[in-house]
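Worksheet: the structure to be examined is printed underneath.
Letters A, B, ... are given to chains in the order of the sequence lines, protein chains preceding strands, and every chain is numbered from 1.
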Amino acid sequence: MLYIWRRGIGCTVLPIVEAPQYKDIHSYITWLNKIASKWRRIWEENCLYQASPSSKPKFYITAAFPYPNGMMHLGHARTYTLTDIYARYKRSRGFNVLFPMGFHYTGTPVLAMADKIKEGDKATLKLFKELYRIPDEVIEKMKDPLFLVRYFHEKIRESMKIIGLSIDWRREFTSIDPDFSSFIRWQFNKLYEKGFITQDTHPVGWDPVVGTPVSSHDTKGDVEPEIVEFTLLFFTLDDGTILPAATLRPETVFGAVNIWVNPGAVYVKACIDGKNWILSKEAAYKLGFQLKKIEVIEEFKGEKLVGLRTRNPATGWRVPVLPAVFVDPDTGTGIVMSVPAHAPYDYVALKDIMKQKDFLLKLGIKPSELQPIPVIEVPGRGNKLAVDVVESMKIDKQTDREALDKATKEVYSIEFKQGRMLDDIAYRVLSDINDDRLRSYVVAAIKSLIAGKPVPEARDATAKWLSDAGLADKMYEIANGPVYSRWGNKVVVKILENQWFLDYGKEEWKKLAREALASMRIIPPGIRKDFSETIEWFQKRACARTRGLGTKLPWDEEWVIESLSDSTIYMAFYTINYILRNNGIGPEKLTPDVWDYILLGKGSPREISKKTGIPVNVLMDSRKEFEYWYPLDSRHSAKDLVKNHLTFFIFNHAAIFPKDKWPRQIVVYGYVMYRGQKMSKSLFNVIPVEMLAKQLSPDGLRIAIALSSEIDQDLDFREETAYTLIEQLRRIHTLILSHKEIIKEYRKKPIPTRISLEDSWIISKIKERLDHAAEMLEESRIRDAGNTIFYIIEEDIKKYIDILKTKKRYLDEESKVILAHIFDTWIRAMAPYTPFYAEELWSTIGGEGFVVEASWPIIEDEFYSEEALLAMEYIDRLVNDIREIIRVRKKKPREIIVHVVKPGEYRLLWKAIEYIEGNKPMKEYIREVVSEALNKKKAGIIARQVYELASSLPPKIRHIASNVSLDEKGIIKELDVWIEKLVGAPITVYYQGEKDAKIVGREKKPSLPLKPAIYIEFYNK
RNA sequence: GCGGGGGUGCCCGAGCCUGGUCGAAGGGGGCGGACUCAAGAUCCGCUGGCGUAGGCCGGCGUGGGUUCAAAUCCCACCCCCCGCACCA
């Protein structure tokens, strides 16, 4: 096919080349797909990414392994692609790079998924069939969770291969492999020995029928059960029977004037831990799961309690029990204390009751007893906030739940944030004690601990005070209830006894973690703060659960180690697992001694060999390989893992390994959105990567992920953006193909020593671009580097070619060599991003070996000319100025006349740059220049202009200009045809003050260094 | 509530740490032009206002402050997003 350059003055008909004349983007993508499978096969045959110890410096990089409960999606693709680009870049810089991958089977979600398939759950089936396109007969088999997880494992591995991740697959494993379990047991024994594992009670969401903990994926609608802690305040009857009022605001007990029960609800009298309690039937049932021994004695309606007098545990007041329909027997205990001054519900309900004078009379209750009694004062809002809010919102029915909830929220929030306890609450305390001396002690104690304090502090103090006195207890409740488990039962809170915890709160451990963090590089740097705060904030973390896939706790086989706890140091496992497996070392041989030796260098390989039967050389090779790869050089994941996995990773490395094996770097990526929306299974937009890779081609997908946003940014993935980028690949492709023969022939020829300005400029410019890209890649600024490589370099090259054509020297001998070198260089720089594409181009231009194994392009310093860069900048500025004038005059130019300074006149500029770079003010500069000048006034004006000019230069260019003087006339002459083309008129250049220098119209601004005087003659139109 | 992040031009989004070089990178969209029979793609220019000479004036959530100088530093306020634990 014939390809003709149409643009430019020096149109050249090129020899026939195989330029891709694809009709549209889609056929181009088809081609990209084709070469991708070709190169994938060839690379695989050549085992390119298998990394073993060598004499090269090593670079060990890992990304968080996936949990295979679905297809690989864009979130995975982003993390792995960015990691891969970094890995490939490092490889091109001469490192022996290891990038392994495993699969995380630990946990319960796949069990839940398999159950959902069994149950015929519509949403899950729809997802699997319509979005994942899994055949029916396969879905049928997914009722087995192990089948399901293995299926997705295979699919994800396949997708990873499709998009060209440079993974060493020999080291692949899953977190339920027996040898891995052995490794995890070793880790946990170590932590246990160090005292980092403790046991305690722990509240969890619980299915009371099935008898199992529930988390979000076990509930209807995937709701996470939230647990709140109620304080139970013991209001007591004369016989000592306890009415436990459940509250979130124990500090308001000082204003509790009555107790509410729901008259229609069923209550029970029960013996709890040896005492009689009255509470709702539901509450008694729920408390049974919270370490209470409960024996129900009798059942009755709530109305039976109405009128009884109970003792307020804080004040000693004898307050009545009254009926209220708003009381929910299934929240808390069904017993509610009434604090009308601070609780809108209570105030409204009391207003209702006050209307029933006869009713109160019959019970012997005086309305004065039920008046709101203030407890908390809010500056500017008085001390009965609930009353004010209810009155201003005009709420008058206790059934108006919507308004009351709103009012409650408002009162709660304002009082919590701004409220203080009144001083006089102290005098109310234990008012039923008559002994004056005793009372004065009590009052003093309350004054110092509770009265006058801010609400949050008073709340805790009140609960602790009453609890220590045996007058309060606590109860857990589902805050966002009712929540139903996927088996259809209402979730309750159970307190697990003997829960195992990793004690991240332990100061000794935190100290190590802080130290480890301090020694690491964090990218982006802003995330470091998140890590240090997370380290401080961590307390105990439950590390085992009662069910799910995983490894059993070595000393307590009832428990399975939980997924975020068995994935903290697994990077160490990749370094040696394949050696053990290749030598047929089964898990039964992997005793703690073996791990101690391989991972910590403890013990003698001979003895261990004798005990376990593992050959000495296998042990020693393993130790050697671990020592070669560890420490981990870079850990990559999305930012959702910062506050859990990545911090655990730091803690556990710090706990298990010596300092020289602590990780060196963490790189954190942003989230992925799809077409402006969050990705979620319920939105049905979790598009499988294998489909996107087909639709956009692997390289197209990679480049879209890499260039659409910087790594710390959230990426909004859109196919259109990808297409635009693929178009760019096609454009570059065309450009390179049209020079194919030249590149082949000239890429090994030396760059000539005598070259033109534009030649020198392009070489220097490309060097500058590559250096910038490399610098960015070192910091994992993938997008910035990619932009430079795929867009900015292309523009430079096009500009260069355009200049060549304008000067009618396109494809002369010098330019052929230079173009060949640049294209060769360029293809290598693209390889980390679009490896398949780059490999194809590389083979097209006759490159040696594989481009994915080639080194990062380096342009030697000897070809780098700052002067050329400055000269081109000078030309650009000149052209812009000329255009600006033409634009303002709105006329067609006839001739451009330029007066430039002589090469010797750069002194003022240099001095100005010296002042700017030294951060010295303009005033001083002007003063100095003026003091040396003859015509002071003129010198002052010029000095200011020069200073302003210098400060307007980009820092890099400015720095170059600080010790270079250009022959401006020579430069303009060298590129005059190019300038003429850009401004559309002939240009003549003179030195300022030259005898025959032509001037059009009156004299304009004088020439300055880098800023020539411009005169333009226009046509009269 | 606690903790973290953020509000920039028509839109998306860099810059802010280390104040001047920020009308403010880069996209997208829009407008005009080139190419084309035409459309698309591509390329060039414009896209705050004013200006018949390369210039001038407003401007980076709101209000104050520091400074010769602030998108950048300080204070207050308004608004938005994310995480909070046994869950991968």
Side-chain angles (χ1 to χ4, degrees), chain A residues 6-7 23-25 64 66-69 104-110 202-205 213-218 224 226-227 412-413 416-417 456 496 499-502 504 525-527 529-530 533-534 536-545 548 562-565 567 639-645 671 676 707-710 712-714 716 718 720-721 724-725 727 730-731 734 783-784 787 791-792 798 802 877-878 880-891 916 919 921-923 948-958 982 1000-1002 1004-1005 1011-1016 1018:
Chain A
R6 293 203 192 84
R7 283 192 326 109
K23 278 199 302 285
D24 54 34
I25 187 78
Y67 184 74
N69 67 338
H104 201 195
Y105 281 22
T106 313
T108 52
V110 290
H202 184 58
V204 293
V214 282
S215 52
S216 59
H217 53 261
D218 297 314
E224 176 78 41
E226 289 166 35
I227 296 171
Y412 187 103
S413 159
F416 185 78
K417 278 189 231 170
L496 296 176
Q499 169 72 54
W500 291 100
F501 292 89
L502 284 168
Y504 292 123
I527 303 278
K529 209 164 63 181
D530 285 14
E533 257 146 30
T534 308
E536 297 315 318
W537 169 71
F538 266 3
Q539 291 303 321
K540 279 192 268 189
R541 177 185 170 88
C543 63
R545 47 182 315 167
E562 164 276 340
S563 63
L564 283 171
S565 304
S567 57
K639 69 179 172 200
D640 52 337
L641 299 187
V642 169
K643 292 207 157 74
N644 44 65
H645 164 261
Y671 296 122
L707 295 201
S708 302
S709 68
E710 202 46 89
D712 50 343
Q713 215 76 42
D714 292 345
D716 185 3
R718 289 165 193 275
E720 310 91 81
T721 320
T724 318
L725 285 154
E727 289 284 5
R730 178 161 69 157
R731 215 169 299 137
T734 308
R783 175 179 124 115
D784 191 321
N787 236 357
Y791 281 96
I792 299 181
K798 280 193 307 194
D802 209 11
R877 288 174 160 257
L878 174 62
N880 274 337
D881 281 348
I882 295 171
R883 282 178 163 176
E884 172 81 0
I885 296 164
I886 294 170
R887 197 169 66 83
V888 174
R889 286 297 298 268
K890 297 182 184 111
K891 282 183 182 173
I916 291 167
N919 262 328
M922 173 156 48
K923 263 188 241 167
E948 280 172 358
L949 167 73
S951 68
S952 81
L953 294 168
K956 220 173 195 167
I957 297 293
R958 181 168 59 210
L982 293 179
V1000 181
R1002 63 196 160 85
K1004 294 285 160 31
K1005 294 178 179 171
K1011 185 103 180 160
I1014 301 165
Y1015 300 88
I1016 302 176
F1018 291 95

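Between the CG atom of A:Asp712 and the C1' atom of B:G4 there is a distance of 15 Å, given to the nearest Å. Distance CG (A:Asp881) to C1' (B:G54): 5 Å, rounded to an integer number of Å. When the C1' atom of B:G54 is taken as reference, atom CG of A:Leu878 falls 10 Å away, rounded to whole Å. To the nearest angstrom, P of B:C2 lies 18 Å from CG of A:Asp530. Across the protein-nucleic acid pair, A:Leu725 atom CG and B:U42 atom P stand 12 Å apart, rounded to whole Å. Distance CZ (A:Arg877) to P (B:A53): 21 Å, rounded to an integer number of Å. A:Ile527 has its CD1 atom 9 Å from the C1' atom of B:G4, to the nearest Å. Rounded to whole angstrom, the span from the CG atom of A:Asn644 across to the C1' atom of B:A88 amounts to 9 Å.
Annotation: B:A53 and B:A69 have their C1' atoms spaced 29 Å apart (nearest Å). Comparing B:U66 with B:G20, their C1' atoms are spaced 16 Å from each other, to the whole Å.
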Under 3.5 Å, which N/O atoms of the protein pair with N/O atoms of nucleotides 48-52 of chain B?
residue, atom, partner, partner atom, Å
B:G51, O6, A:Arg887, NH2, 3.1
B:U52, O2', A:Arg889, NE, 2.9

Could I get a table of every N or O pair under 3.5 Å where one atom is in the protein and the other is in nucleotides 27-31 of chain B?
none

Produce the list of close N/O pairs, under 3.5 Å, pairing protein atoms with atoms of nucleotides 82-85 of chain B; give distances to one decimal.
residue, atom, partner, partner atom, Å
B:A85, O2', A:Arg541, NH1, 3.3

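Scanning all heavy atoms of the two residues, the minimum distance from A:Gly205 to A:Ile227 falls at N-CD1, 3.8 Å. For the pair A:Leu878 and A:Pro1012, the tightest heavy-atom approach, listed with the atom from each and the gap, is CD1-CG, 3.6 Å. Between A:Ile885 and A:Phe1018, the shortest heavy-atom distance links the atoms CG2-CZ, 4.3 Å. Scanning all heavy atoms of the two residues, the minimum distance from A:Thr108 to A:Gly548 falls at CG2-CA, 3.7 Å. The two residues A:Lys1011 and A:Asp881 have their closest heavy-atom pair at NZ-OD2, 3.2 Å. The two residues A:Lys639 and A:Asp712 come nearest to each other via the heavy atoms NZ-O, 4.4 Å.
Here the CH2 atom belonging to A:Trp500 is positioned 15.0 Å from the NE2 atom belonging to A:His202, to the nearest 0.5 angstrom. How far NE2 of A:His645 is from NE2 of A:His104: 8.5 Å, rounded to the nearest 0.5 Å. We find the CG-CD1 distance between A:Asp784 and A:Ile792 to be 7.5 Å, quoted to the nearest 0.5 Å. Note: A:Thr534 OG1 to A:Ile527 CD1 = 10.0 Å, rounded to the nearest 0.5 Å.
Residues passing the side chain to side chain contact (heavy atoms under 4.5 Å, CB included) test with A:Pro109 are A:Tyr67, A:Asn69, A:His217, sequence neighbours excluded. Residues forming a salt bridge (Lys or Arg N to Asp or Glu O under 4.0 Å) with A:Glu226 (at least two apart in sequence, or on another chain): none.
Which of B:A53, B:G26, B:G54 sits closest to the side chain of A:Tyr1015 comes down to B:A53. Each of B:G54, B:G4, B:A88 was ranked by its minimum atom distance to the side chain of A:Leu564; first place goes to B:A88. Comparing B:G55, B:G5, B:G45 by their closest approach to the side chain of A:Arg883 singles out B:G45. Minimum atom distance to the side chain of A:Thr108 is reached by B:A88, of the listed B:G54, B:G4, B:A88. For A:Glu562, the listed nucleotide lying nearest its side chain is B:A88; candidates were B:A88, B:A25, B:G5.
Remark: side-chain polar atoms of A:Gln499 are not paired, donor with acceptor, to backbone N or O of A:Arg541 under 3.5 angstrom.
On a pure distance criterion of 3.5 Å, no polar donor-acceptor pair joins the side chain of A:Asp640 and the base of B:A88.
Within the structure, every side-chain polar atom (N or O) of A:Arg783 is placed at least 4.0 Å from both OP1 and OP2 of B:G26. For the pair A:Lys798 and B:U42, the criterion of a side-chain N or O lying under 4.0 Å from OP1 or OP2 is not met.
Stem regions for RNA chain B, each three or more consecutive Watson-Crick or G-U pairs with both distances under 3.5 Å and listed by first number, read B:1-7 with B:78-84, B:10-12 with B:26-28, B:29-34 with B:42-47, B:48-50 with B:55-57, B:61-65 with B:73-77.
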For the pair A:Leu707 and A:Thr721, evaluate side-chain contact (heavy atoms from CB on, under 4.5 Å) and give the outcome as yes or no after the intermediate values. CA-CA 9 Å; A:Leu707 295 201; A:Thr721 320; over 6 Å; no
Going through the distances and angles, do A:Leu502 and A:Glu562 end up as a side-chain contact (heavy atoms from CB on, under 4.5 Å)? CA-CA 11 Å; A:Leu502 284 168; A:Glu562 164 276 340; over 6 Å; no
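Within the nucleic acid shown, A:Ile886 has no heavy atom closer than 4.0 Å to any nucleic acid atom. Counting non-hydrogen atoms under 4.0 angstrom, A:Thr106 reaches the backbone sugars and phosphates but no base.
When each of A:Asn787 and A:Glu727 is assigned the nucleotide of RNA chain B with its nearest heavy atom, A:Asn787 is the one assigned upstream, toward the 5' end.
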